[in-house]
Amino acid sequence: MTQPHIQPRLRIAPSPTGQLHVGTARTALYNFLYARHLGGEFFMRIEDTDVTRSKREHADAFCEMLRWMGIDWDGDIIYQSDRFEMYTQAINSLLEKGLAYECFETPEELEAINAERKEKKLPPGYDGRARNLTQDQIQAYKNEGRPRTVRFITPDSGTSEFEDAIRGKVSVLWENVSDFVIERGDGTPTFFLANAIDDIDMDITHVVRGEDLIDSTHRVLALRRALGNAEQPFYAHTPMILAPDRSKLSKRHGAVSLESYRDAGYLPEAMVNYLVLLGWAPSNDREIVTLEEMISEFDIFNVNKSGAIFDVKKLEWMNGEYIRAMQTTSIVTRLKTMADARYGSSYDFERFERAVELAQPRATTFVAMLDQMDPLFAQDFSIGQEYVEALRSTDQAIEILDAVEKHLTDCDWTLVGIDLRDVVSEIGLKPRKALPAVYIAIEGSTSGLPLFDFIELIGRDEAIRRMRNAKLLLG
RNA sequence: GUCCCCGUCGACUAGCGGCCUAGGUCGCCACCCUCUCAAGGUGGAAACGGCGGUUCAAAUCCGCUCGGGGAUGCCA
């Protein structure tokens with residue numbers, strides 16, 4: 001348990017093998033919030049012991065994404081790949097003390113052992129057969145050129161138990177936990193070992209991590225004791241973030257990385273707000289909360305036990321809430337970079353500002369906002385096939401387009417002047433019946449920016465040109 | 001197979017034995033507003049997995065059961 005005289009020290013310990021998974025992002029957020037809530041410190045440790053899969057660029061991207069979320073950390077970033085020497089020393093000392101032993105099985109042999117145990121309905125895993133290898137046998141294996149792994153000896157009987165802030169007492173019978181690898185055949189340490197050592201070395205007092213790690217906690221705890229550290233940190237295992245089918249959220253379910261949401265135009269504030277709600281709720285039925293409010297209210301003991309499905313629809317709604325709450329000028333600033341990338345640098349900036357104003361009240365994401373502006377700025381305006389069909393099957397389409405074109409030719413070029421409601425009513429149609437066709441002609445689809453404003457923005461010549469083009473499509 | 005964890009509306013959750021004929025939010029439906037689609041407004045449908053206990057009283061506690069998820073890796 002925590003020592004009262006030590007400041008709380010928490011950490012996020014990602015494995016940099018890909019983009020930042022939303023689950024990891026939420027774990028990082030919970031760690032950060034709880035650390036700040038307790039007035040403690042929050043550290044960043046990159047768990048890159050698997051040298052074949054870990055990439056520095058992923059670690060860098062991870063840090064960048066946390067900053068994007070508004071999360072900062074204390075001290076320097078720790079890379080486990082810089083600390084192999086320390087781990088190797090620890091492994092050797094465990095070996096010397098007889099708390100670990102050398103193994104030489106091939107992957108095929110291990111699989112066979114596992115299959116056999118499964119067959120016999122025994123707990124899965126390694127059977128510990130190399131525990132009592134003689135020096136001669138060990139030498140013989142080495143002479144054969146077999147790679148060596150080191151396994152930690154787990155107890156054969158008894159119970160492992162720890163207190164979890166979210167789940168209460170968690171226990172397992174040791175007979176179900178087999179001896180596990182702490183050093184791989186290539187000499188690198190595994191997660192269990194590096195994780196245990198670093199948490200000790202960094203004086204981590206509170207460990208907040210995903211529920212998928214709950215079983216490994218017993219092994220890490222045993223390792224800590226073997227390493228001479230009897231006291232347990234405070235543990236909290238957070239529920240998983242699930243796909244719509246309640247399975248573990250993975251790439252096959254679509255966008256799972258924070259990068260993809262950032263690139264899709266989601267605001268970090270909305271993302272953070274949405275993520276914090278997956279497993280925790282602020283008081284008084286509030287949903288929209290600032291980071292500061294989260295920090296002051298967040299309590300790990302109030303985190304839910306059960307997994308939460310990631311619901312993009314709600315995220316979209318929340319993002320829209322944040323967009324609508326923003327100053328239009330700051331949206332312009334943030335959106336300009338994306339617009340530059342999309343439209344080059346020659347588009348009309350005043351028109352762009354005006355378009356942002358029109359798009360803001362109806363937007364869910366920045367990308368959706370730009371999509372609505374496409375027919376305004378994109379070089380290659382055209383009407384999609386499905387809308388061409390829709391246009392063709394509109395009653396009196398020709399009549400509508402003719403009347404609108406005629407009106408646009410000589411009306412005042414103001415919002416009031418452009419107003420098409422009287423125009424369509426003169427040919428006996430209600431706006432909701434007639435205007436979709438005009439939307440298609442002008443904006444290329446039936447959903448988009450308000451029509452009259454849009455027409456005013458593109459100007460008389462372009463508006464008339466689009467009306468004529470649309471009529472050509474009708475043949 | 002073995003072990004661990006979980007179980008309130010379709011989704012996220014509130015609920016810590018009486019404030020519950022179960023509240024909020026997203027989504028859905030209807031209506032209003034309206035220049036299509038949105039946004040906004042109003043209203044609505046919608047849940048305590050099941051069975052047994054404990055108790056004057058159970059969504060809340062206990063047991064069983066069913067269902068779901070996770071771990072079983074020289075990934076973390």
Side-chain angles (χ1 to χ4, degrees), chain A residues 13-15 17 24 47-50 52-54 103 105-107 110-111 114 117-126 147-151 164 166-167 170-173 175-178 180-188 190-192 194-195 209-218 237 239-240 242 244-248 274 277-288 304-311 313-318 320 324 359-364 368 372 419-421 424 431-440 443 445-454:
Chain A
S15 182
T17 55
T24 316
E47 304 219 324
D48 53 355
T49 59
D50 182 354
T52 58
R53 299 202 313 158
S54 299
C103 295
E105 284 82 7
T106 63
L110 290 173
E111 210 170 301
N114 219 328
R117 290 176 67 83
K118 205 176 215 176
E119 185 91 3
K120 291 183 183 162
K121 301 195 176 186
L122 288 166
Y126 185 67
R148 177 197 82 159
T149 61
V150 178
R151 283 182 190 268
D164 188 282
I166 296 172
R167 277 150 228 289
V170 179
S171 68
V172 68
L173 260 21
E175 62 194 60
N176 292 313
V177 183
S178 68
F180 55 93
V181 172
I182 56 176
E183 184 181 292
R184 286 184 270 259
D186 63 0
T188 59
T190 61
F191 154 75
F192 303 104
N195 189 273
R209 42 163 28 172
E211 198 204 332
D212 49 340
L213 261 25
I214 200 164
D215 289 325
S216 78
T217 304
H218 298 100
H237 287 88
M240 308 278 290
L242 274 23
D245 65 359
R246 299 211 86 88
S247 66
K248 201 172 178 177
Y274 177 69
L277 259 24
L278 258 25
W280 176 78
S283 60
N284 300 115
D285 291 331
R286 285 172 307 146
E287 297 247 283
I288 307 279
N304 267 215
K305 290 178 165 77
S306 52
I309 292 176
F310 190 87
D311 180 10
K313 276 272 201 296
K314 185 158 181 176
L315 204 212
E316 268 181 18
W317 162 78
M318 183 159 285
R324 286 188 285 282
Q360 179 177 13
R362 53 206 301 115
T364 55
Q372 292 198 320
D419 196 324
L420 296 168
R421 280 171 289 190
V424 295
R432 60 181 311 152
K433 197 85 178 122
L435 288 176
V438 186
Y439 269 90
I440 292 171
E443 302 192 37
S445 86
T446 54
S447 65
L449 266 16
L451 184 62
F452 308 155
D453 300 83
F454 193 96

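Chain identifiers are assigned alphabetically (A, B, ...) following the order of the sequence lines, protein sequences preceding nucleic acid strands; residue numbering begins at 1 within each chain.
As a whole-Å value, the separation of A/Arg151 CZ from B/C74 C1' is 8 Å. The CD-P distance, from A/Gln360 to B/G40, rounds to 13 Å in whole Å. Computed from coordinates, the A/Ile309 CD1 to B/G69 C1' distance equals 11 Å when rounded to whole Å. Per the geometry, NZ belonging to A/Lys433 stands 12 Å off P belonging to B/C37, to the nearest Å. Atom C1' of nucleotide B/A71 and atom NZ of A/Lys118 are separated by 12 Å, given to the nearest angstrom. Between the CG atom of A/Leu451 and the C1' atom of B/A39 there is a distance of 17 Å, rounded to whole Å. Separating the CZ atom of A/Arg117 from the P atom of B/A71 is a distance of 20 Å, rounded to the nearest angstrom.
At a threshold of 4.0 angstrom between heavy atoms, the contacts of A/Ser15 are confined to the sugar-phosphate backbone, with no base atom among them. As judged by a 4.0 angstrom heavy-atom cut-off over every strand, A/Asp453 is placed among the base-contacting residues.
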A correct 5'-to-3' footprint of nucleotides 23-33 of chain B, with B, S and - meaning base, sugar-phosphate only and no protein heavy atom under 4.0 Å, is BBBSS------
Go along nucleotides 3-8 of chain B 5' to 3' and tag each nucleotide: B for a protein heavy atom under 4.0 Å from its base, S when only backbone or sugar atoms are that close, - otherwise.
SSSSS-
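Donor-acceptor pairing under 3.5 Å is recorded for the side chains of A/Thr217 and A/Arg209.
Put simply, A/Arg148 has no side-chain N or O that comes within less than 4.0 Å of OP1 or OP2 on B/C74. OP1 and OP2 of B/G70 both lie 4.0 Å or more from every side-chain N or O belonging to A/Arg246.
Straight-line distance between the P atoms of B/G41 and B/C5: roughly 45 Å, to the nearest whole Å. Separation of the C1' atoms belonging to B/C33 and B/G23 is 29 Å when rounded to the nearest angstrom. The separation of B/C29 from B/A46, taken at their C1' atoms, amounts to 11 Å, rounded to a whole angstrom.
If you take OG1 on A/Thr17 and CZ on A/Arg53, they are separated by 5.0 Å, rounding to the nearest 0.5 Å.
Nucleotide B/C19 is matched to nothing when pairs are restricted to Watson-Crick or G-U wobble geometry with both distances under 3.5 angstrom. Pairing for B/G67 is with B/C6, a Watson-Crick or G-U wobble pair whose two hydrogen-bonding atom distances lie under 3.5 Å.
The side chain of A/Asn114 sits closest to B/U72 out of B/U72, B/C74, B/A38. Closest to the side chain of A/Lys248, out of B/A71, B/A76, B/G1, is B/A71.
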